[in-house]
Amino acid sequence: MSRSKAQLQYLKVEPSQSFVDKQWEQLNEVITLIQTRTKCTLTFQNIYMCCYHLVKNRRGEELYNQVRKHIVDQVTTYCEPLKQVPEESFLRKLNHIFKEHQEVMLKIRDVLIYLDSSKLANMTPVYDLGMKIFTDELLCKVDINDRIRHSLLRIVSQVRQGEQTEKPILRETADMLLAVGGGSSKRKAYEDVFERVFLEDTIRHYEEYMRKLLESQNFELVISQIARTFTEEKDMTESCMDKNTSIQVQHRLCKVLIENHLGEILNLEFNGLKTLISQNNIQGLQKVYKTLVRVEDASEKLSKEVENALLRDGQGLLPAHDDGCNSPVAAIKFVTAVITIKKRYDNILKTAFDDNTFFRKALLSGYSNIINSSKNFPELLSIYIDDRLRKGEKDMSEAELDEIFDICIQIFRLTEDKDIFEHYYKSNLSKRLLGSKSVSDHAERNMIGRLKSECGTSFTYKLEGMFKDMKLSDDAMTVFAKKHPGNPWGYEFSVRVLTSGNWVWDRSAKCNIPPVLRPAMDKFTEFYCTEKHRGRVLTWNPAASMMDIDGWFDGFKKKHTLVCSMYQGIILLAFNGAPSGILTMSELLELTGIPETHLKRSLFSLHHGKYKLLQKLPKEGTEDRYMVEDKFTSKYTRLKIPQVSLKEASVSAKQATRASVEIDRRYEIEACIVRVMKSRKRLDHSSLLLEVVQQVSNRFSPAPQLLKRCVEHLLDRDYLSRDEEHRNVYHYVP
């Protein structure tokens, strides 16, 4: 069996007025029954057909107007009873009325669905029409409108005071105000009735709140209350209001609580930012950052305060260590303090300030100011690294040593005078290598590799050459030992052949070589300059040489092996030939041939150092006199005699180093000027200096006077020439 489908056919005939009236009467009855919540006896198909016939016969607009009148009449009946409702029940009653109205409009929309689908010109959908009428005829009535606002603001005030009982009413009313809107003006009723006055009230409330809060002068309390306010307002607005309202409230709170008072907040002293930083209160600083960073320029101002705190901590280190003192203890103490401060502030940056760009730049600026405020910092840093490379791996793991190298490179990166650091680092490295005091080649090459990555090959070329020299020297000594087996000189003899350009050495160092050493030295010179290499010249450097001497003390009862510098050894050997056992300063100068500065330093180490091997006698006339301390005793057989630095010698060496560095800088600047001019051919004075400074700034910061002198020197030597018309313009001379 097959089933046939019923089809409705519309006959296009002009209906009579009585037919139209009958259709409307049926719809009118249905709408009235819906509004009074009475059961209807008509089927949905009958009701639908009534609407269908009216619309199809061009009576849709008339039907729409009749429905509109019905809704207006119904909503009007709500007003008077609502005005009589007490304040505490007003919003509940309003929401109840709205829910009933919403249910009614949903049913009316269903029975008039064909009217909506016809899309007559300028006709609002039936449901939206009902919402609009509810807004215009009820919510926007002045007396009703005022009561809604007053009741909502009263609940908001209660919630801000901690009373949460009426929060559901706030949410329900906000939803109602949003629901009555439609189309492009969905939020209009919500904005007009509530949101606008709520935002204005919020600003007034928190302006007064901040005025009272700032009177406490307690930074920690102010930050805590501001953070709490943001959290509470966000919780209230997100749970009870529109999302857009929550965003607007947060924006207004940023302005009222932070932006308008940022300077006052940061200047609060009690439990202020300085206290939090000094106490290393990470949790407190994190709270400050997350609270204030909501404002656009807060990060910049807050980072400036953190930089000032860093500078105050750093300035406390400088007076005690910026006096030109280069003692290892002072250098290590100062650099350790700088590293400690840097680690502390780096930890604050990462954990409290989320590695914010403003804070990172501020701290880098602060570190740079602290480091470069000390004119001796490159030397002090090199001494600190020298100490780590001598003793570091004995007490620390490789990972811990790598961490120290990392932070030393970070500090080195901020150092302006990198060429001075290079000079002292090379000097210290030469002492470690020649004295076999380096912890390991791996550690040394690790540090040099980091310097190479930071500054390039030219910076570490000579440092790498020093390791090459050590390897070649070992190979040469192996061949020399095979040619002279059996220790023919009666003592062990070892030589390091060093490339003069790679090592720091005193070219003025000289002395009278003891006869006992001369045969071995002559044999090695012959071997190296004739057999191994032809055309090379060896220059012996006694200032960097070491000796082991056997000495008898306490009436030749006790023997000690003295590990000392060659100068110290030659001085001690000179007393073997003294008839009276006493030598004056002039006699020592003649016998040893050691320069007076080096002689005084070595004598001081022997009579005033750790081991007092010489005795300084009262002056005879104007000369100091010395003799061997025969009663010297020690529980150790092998004694390492330290070299004591005289203050005058240290100052002189420092001045010589600075002078040498200045000469090197002049050569480097002149070479840079020639390279720039050869490339550019023609440049004005300012552009030339700017480009030169940019190229040499990775090694040092050149003084303007030095730049000017270098330019003038090149003009005098015809590397450059001035323009005939513009005297501040230079030309390259090929």
Side-chain angles (χ1 to χ4, degrees), residues 430-431 433-436 469-470 472-500 503 505-552 559-579 581 583-603 605-606 613-614 626 628 638-641 643:
S430 66
K431 294 175 183 177
L433 293 179
L434 295 178
S436 299
D469 287 346
M470 296 295 289
L472 293 175
S473 292
D474 290 338
D475 295 342
M477 281 306 302
T478 301
V479 176
F480 181 72
K482 289 180 180 179
K483 287 185 171 292
H484 302 280
N487 196 7
W489 301 284
Y491 52 82
E492 294 183 9
F493 180 73
S494 178
V495 179
R496 295 289 187 187
V497 182
L498 311 176
T499 304
S500 59
W503 299 75
W505 61 293
D506 187 356
R507 298 177 185 273
S508 65
K510 59 181 181 178
C511 66
N512 297 328
I513 302 298
V516 68
L517 296 178
R518 182 58 65 182
M521 295 172 66
D522 291 342
K523 281 292 182 182
F524 185 84
T525 301
E526 180 184 353
F527 158 75
Y528 190 84
C529 295
T530 59
E531 298 180 27
K532 191 168 181 61
H533 299 284
R534 292 186 179 277
R536 292 191 179 182
V537 177
L538 285 182
T539 302
W540 296 90
N541 184 10
S545 303
M546 300 292 293
M547 296 177 66
D548 288 4
I549 300 176
D550 290 337
W552 293 88
K559 176 185 175 183
H560 294 285
T561 299
L562 309 177
V563 181
C564 56
S565 69
M566 191 169 187
Y567 281 161
Q568 291 170 336
I570 291 174
I571 291 171
L572 292 173
L573 290 174
F575 284 93
N576 287 339
L583 293 174
T584 64
M585 174 62 77
S586 59
E587 290 172 337
L588 285 170
L589 281 170
E590 182 180 354
L591 290 171
T592 63
I594 299 173
E596 186 174 358
T597 302
H598 292 279
L599 181 62
K600 288 182 178 180
R601 181 186 176 194
S602 298
L603 283 171
S605 300
L606 293 171
L613 302 175
L614 297 182
Y626 302 90
V628 175
R638 187 176 179 85
L639 305 176
K640 185 176 180 180
I641 312 302
Q643 185 75 280

| query | Below 4.5 Å, heavy atoms only, C-beta onward: do L603 and Q568 meet side chain to side chain? | reply | no
| Under a 4.5 Å cut-off applied to non-hydrogen side-chain atoms, are M585 and Y626 in contact? | yes
| request: Starting at NZ of K600, measure out to CG of L589 and round the result to the nearest 0.5 Å. | output: 9.0 Å
| Say you draw a straight line from CD1 of I641 to CG of L613; how long is it, rounded to the nearest 0.5 Å? | 4.5 Å
| Considering only heavy atoms from C-beta outward, does the side chain of I513 approach that of C511 to under 4.5 Å? | yes
| Note, L614 side chain near I571 side chain (heavy atom, < 4.5 Å) | yes
| query | How far apart are the closest heavy atoms of A574 and L588, and which atoms are they? | reply | CB-CD2, 4.3 Å
| Could you go step by step and tell me if Y491 and V516 meet the side-chain contact (heavy atoms from CB on, under 4.5 Å) rule? | CA-CA 10 Å; Y491 52 82; V516 68; 3.8 Å; yes
| query | Do L573 and M547 come within less than 4.5 Å of each other through their side chains, counting heavy atoms only? | reply | yes
| request: Output the distance between atom CZ (F527) and atom NE2 (H484), rounded to the nearest 0.5 Å. | output: 7.5 Å
| query | Heavy atoms, side chains only, cut-off 4.5 Å: are L606 and Y567 in contact? | reply | no
| Does W503 reach the side chain of L433, with side-chain heavy atoms less than 4.5 Å apart? | yes
| If you take all heavy atoms of H598 and I594, which pair is closest and at what distance? | CB-CG2, 3.7 Å
| request: Side-chain contact test, heavy atoms from C-beta onward, threshold under 4.5 Å: evaluate it for W489 versus K523 and give yes or no. | output: yes
| How about S605 and Q643: does a side-chain donor come under 3.5 Å of a side-chain acceptor? | yes
| Verdict with supporting geometry, D474 and R496, side-chain contact (heavy atoms from CB on, under 4.5 Å) | CA-CA 8 Å; D474 290 338; R496 295 289 187 187; 2.4 Å; yes
| message | Main chain of E590, side chain of N512: is a donor-acceptor contact present, judged purely on distance under 3.5 Å? | response | yes
| Distance-only donor-acceptor check, side chains T499 and D469, under 3.5 Å | yes
| query | Would you call the rings of F480 and F524 parallel, tilted or perpendicular, where under 30° means parallel and over 60° means perpendicular? | reply | perpendicular
| remark: The reported gap from OG1 in T592 to CG in L572 (rounded to nearest 0.5 angstrom) is 11.5 Å
| message | Nearest 0.5 angstrom please: T525 OG1 to R536 CZ, how far? | response | 14.0 Å
| said: Just verifying a value: how many Å separate M546 CE and S494 OG, rounded to the nearest 0.5 Å? | reply: 12.5 Å
| Intermediate values then yes/no, side-chain contact (heavy atoms from CB on, under 4.5 Å), L434 and L498 | CA-CA 10 Å; L434 295 178; L498 311 176; 3.9 Å; yes
| Do L472 and V497 pass the side-chain contact (heavy atoms from CB on, under 4.5 Å) test, and can you show the C-alpha distance, the side-chain angles, and the key distance before you say yes or no? | CA-CA 8 Å; L472 293 175; V497 182; over 6 Å; no
